[in-house]
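There's a structure below that I have some questions on.
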Protein chains: 2
Amino acid sequence: MTWSNDGRDGPRGYHHGNLREALIRAALELIAQKGPAGFTFAEAARWAGVSPAAPYRHFRDRDELLANVALRGFRQFEAALAKAWDGGRPDTSAAFDRLGRAYLEFARGEPALYSAMFEGGVPLGSNPELREASDRAFAVLRQAAEKLSAQAPPGARPPALMVALHIWAMTHGIASLFGRGDSARRALPMSAEELLEAQMLIYLRGLGLSETKFGRSG
Amino acid sequence: MTWSNDGRDGPRGYHHGNLREALIRAALELIAQKGPAGFTFAEAARWAGVSPAAPYRHFRDRDELLANVALRGFRQFEAALAKAWDGGRPDTSAAFDRLGRAYLEFARGEPALYSAMFEGGVPLGSNPELREASDRAFAVLRQAAEKLSAQAPPGARPPALMVALHIWAMTHGIASLFGRGDSARRALPMSAEELLEAQMLIYLRGLGLSETKFGRSG
DNA sequence: CAGGCCATGTAAATATTCTTTACATGACTT
DNA sequence: AAGTCATGTAAAGAATATTTACATGGCCTG
């Protein structure tokens, strides 16, 4: 099925060519502008240049469109995290640092995806694909946590799952509270990246992983 | 101004009596059911038993109603945190523990307020009262951070503001990811409270505040 | 290379929501 | 007792949501 139009702009015939894709992009654009609640089905249709009924051929309702945006988000998220982690090379510390930065970068660079994933009210259980994509993204954090935990002093190794959840919570907390140029949230004396790096260093030290680079007190 | 009805149910005359209050309560009920995006102005009006035009006498639009819910949330939030912190009595450690629990309890017990505050997309800058209420709530965390920082080893005292932001990020992260019985989010092998307590202990140990109670490894 | 299938679109129709405008009510003031 | 004004309703027009009947045209099949 190669319709008249495969995603590009420009004139089209009766059929759009790639409306499903165009609707997702329209949703992203509108979410970026007005938040995950800030778009309507009709508005996405208008933005894509089709009639208000057309989206119903591709998504049952607005929630399903939003869920697909979130699904795409989790997949890109996993890819970004996995690329940053890179199997823990060249060493756990460097890879872990990259991981945190990649997380924040994703939240800042793709705020529409991020808010669709975590603030859109999309029930994870509604869609097995969504659940799986979310699990795969978390699995990257979990891998990193395994490596970190293994570096803790023997006899005091925390459960990797717990460490992974802690990392997730810290990073998500910073990303969602301070990580987006909202201009609507609190002004900070430091960047989200600096804040996260300091927090991670303190946390890792608490785990018994004393990094030599830790020492410059504030 | 003592209208026919001051907030209770039951029959009423032409005037509602306390529509402003009733609308806020209706919004809370609906947010709790369907998220901060899950209610309409008309629905709140119906829930309060008035015509769809009546809410406009009290709020410019839906966003202003939501902002008022958030304002109420920040005020209750500050009260709950301040009560838990209690000036740091009897000792910083115990008070800090209460503070974290109070935070999670608020997020779980008042999910509608919490999501209106942090996930409703309400711009903090839109309303000076809102900004102030948010600042006052954060000031409680900041106070606690001051006391904690003061207990860190001399020469390695982290800035209290940074510590406060870290505490906020960790707690918000856990609360928003795991802290509500969403039944839509990830299942956990431990409670949010346990997760937070462990995380705080590790973080505090990283700050150099070695609690004697820390030692049971996982 | 017709002919038809059917995915994908439109148009039109109904219900709900949004928002304003003109009007009604009645608590409070004097 | 009368007037004022905050607070409500009714009604109307625009936007949105959602379904149904119909139109288009790419692609498969013979």
Side-chain angles (χ1 to χ4, degrees), chain A residues 1-27 29-31 33-69 120-122, chain B residues 1-27 29-31 33-69 120-122:
Chain A
M1 119 174 51
T2 306
W3 249 253
S4 55
N5 199 327
D6 56 345
R8 300 297 160 199
D9 293 348
R12 65 175 181 91
Y14 191 91
H15 290 97
H16 179 284
N18 204 350
L19 182 53
R20 185 185 172 86
E21 182 65 24
L23 287 171
I24 289 180
R25 281 195 235 166
E29 181 71 23
L30 294 167
I31 291 171
Q33 286 176 17
K34 299 181 291 181
F39 78 99
T40 67
F41 227 30
E43 202 169 1
R46 204 178 316 129
W47 206 88
V50 295
S51 74
Y56 290 87
R57 296 289 182 197
H58 298 274
F59 304 99
R60 188 164 33 77
D61 54 20
R62 187 189 165 287
D63 288 345
E64 194 175 294
L65 170 53
L66 193 58
N68 271 273
V69 173
V122 178
Chain B
M1 171 185 341
T2 307
W3 249 249
S4 56
N5 199 327
D6 55 347
R8 300 298 160 199
D9 293 346
R12 66 176 180 90
Y14 191 92
H15 289 97
H16 179 285
N18 203 351
L19 182 52
R20 185 185 173 87
E21 181 66 24
L23 287 170
I24 289 180
R25 281 196 236 167
E29 181 71 23
L30 293 167
I31 291 170
Q33 286 175 18
K34 299 181 291 182
F39 77 99
T40 67
F41 227 30
E43 201 169 1
R46 203 179 316 125
W47 206 88
V50 296
S51 74
Y56 290 87
R57 295 289 182 196
H58 298 274
F59 304 100
R60 187 164 33 78
D61 54 20
R62 188 188 164 287
D63 288 346
E64 193 175 295
L65 170 54
L66 193 59
N68 270 273
V69 173
V122 178

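Chain naming here is simple, since letters A, B, ... match the order of the sequence lines and numbering starts at 1 in each. On a predicted model such as this, the values are computed, not experimentally measured, just so you know. The figures here come from the full heavy-atom set of this structure, side chains too, leaving out hydrogens, waters and symmetry mates.
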Query raised in the report: Atom NE2 of A:H58 and atom CD1 of A:I24: how far apart are they, to the nearest 0.5 Å?
Result: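 If I round to the nearest 0.5 Å, the distance is 10.5 Å.
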Query raised in the report: What distance do A:F59 atom CZ and A:L19 atom CG have between them, rounded to the nearest 0.5 Å?
Result: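 Going from the CZ atom of A:F59 to the CG atom of A:L19 covers 8.0 Å.
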**Report entry** Interatomic distance, A:F41 atom CZ to A:L65 atom CG [nearest 0.5 angstrom]
**Finding:** 5.5 Å
**Report entry** Integer-rounded Å distance: C:dT17 C1' and B:R46 CZ
**Finding:** 9 Å
Query raised in the report: Between atom CH2 in A:W47 and atom P in D:dA15, what is the gap in whole Å?
Result: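 In whole Å, D:dA15 P and A:W47 CH2 are 21 Å from each other.
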Query raised in the report: Whole Å only: how far is the CD atom of A:E43 from the P atom of C:dT17?
Result: 19 Å
Requested in this report: Determine, step by step, whether A:E43 and A:R62 satisfy the salt bridge (charged side-chain N to carboxylate O under 4.0 Å, His left out) criterion, reporting the C-alpha distance in whole Å, the side-chain angles of both residues, the deciding distance to 0.1 Å, and the verdict.
Outcome: CA-CA 11 Å; A:E43 202 169 1; A:R62 187 189 165 287; over 6 Å; no
Requested in this report: Figure out the OH/C1' separation between A:Y56 and C:dT14, and round it to whole Å.
Outcome: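 A:Y56 atom OH is separated from C:dT14 atom C1' by 13 Å.
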**Report entry** Side chain of B:A54 - closest among D:dT19, C:dG9, D:dT9
**Finding:**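 It is D:dT9.
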Query raised in the report: Tell me: CZ of B:R20 to C1' of D:dG8, nearest whole Å?
Result: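 It is 16 Å, rounded to the nearest whole Å.
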**Report entry** Contact under 4.0 Å: A:T40 side-chain N or O vs D:dA15 OP1/OP2
**Finding:**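 For D:dA15, neither OP1 nor OP2 has a side-chain N or O of A:T40 closer than 4.0 Å.
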Report task. Output yes when at least one side-chain N/O atom of A:R57 is less than 4.0 Å from OP1 or OP2 of C:dT10, else no. Result ->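 For C:dT10, OP1/OP2 do not have a side-chain N/O of A:R57 under 4.0 Å.
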**Report entry** Nucleotide nearest A:V50 (side chain, heavy atoms from C-beta), chosen from C:dA12, C:dT21, C:dG9
**Finding:** C:dG9
Requested in this report: For A:A42, answer base if it contacts any base atom (sugar-phosphate contacts may also be present), sugar-phosphate if it contacts only those atoms, and nothing otherwise; contact means non-hydrogen atoms under 4.0 Å.
Outcome: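 Sugar-phosphate only.
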Query raised in the report: Can you check the B:L19 CG to C:dG26 P distance for me, whole Å?
Result: 16 Å
**Report entry** Interatomic distance where CZ belongs to A:F41 and C1' belongs to C:dT16 [whole Å]
**Finding:**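 The answer, rounded to whole Å, is 17 Å.
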Requested in this report: In plain terms, say whether B:R25 and B:E29 are close enough for a salt bridge, that is, a side-chain N and a carboxylate O under 4.0 Å apart.
Outcome: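 Judged by the 4.0 Å cut-off on N to carboxylate O distance, B:R25 and B:E29 do not form a salt bridge.
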Requested in this report: For D:dA6, take OP1 and OP2 only and decide whether either is under 4.0 Å from a side-chain N or O of B:H58.
Outcome: no
Query raised in the report: Atom CZ of B:F59 to atom C1' of C:dT19: distance rounded to whole Å?
Result: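 The distance from CZ of B:F59 to C1' of C:dT19 comes to 17 Å, rounded to the nearest Å.
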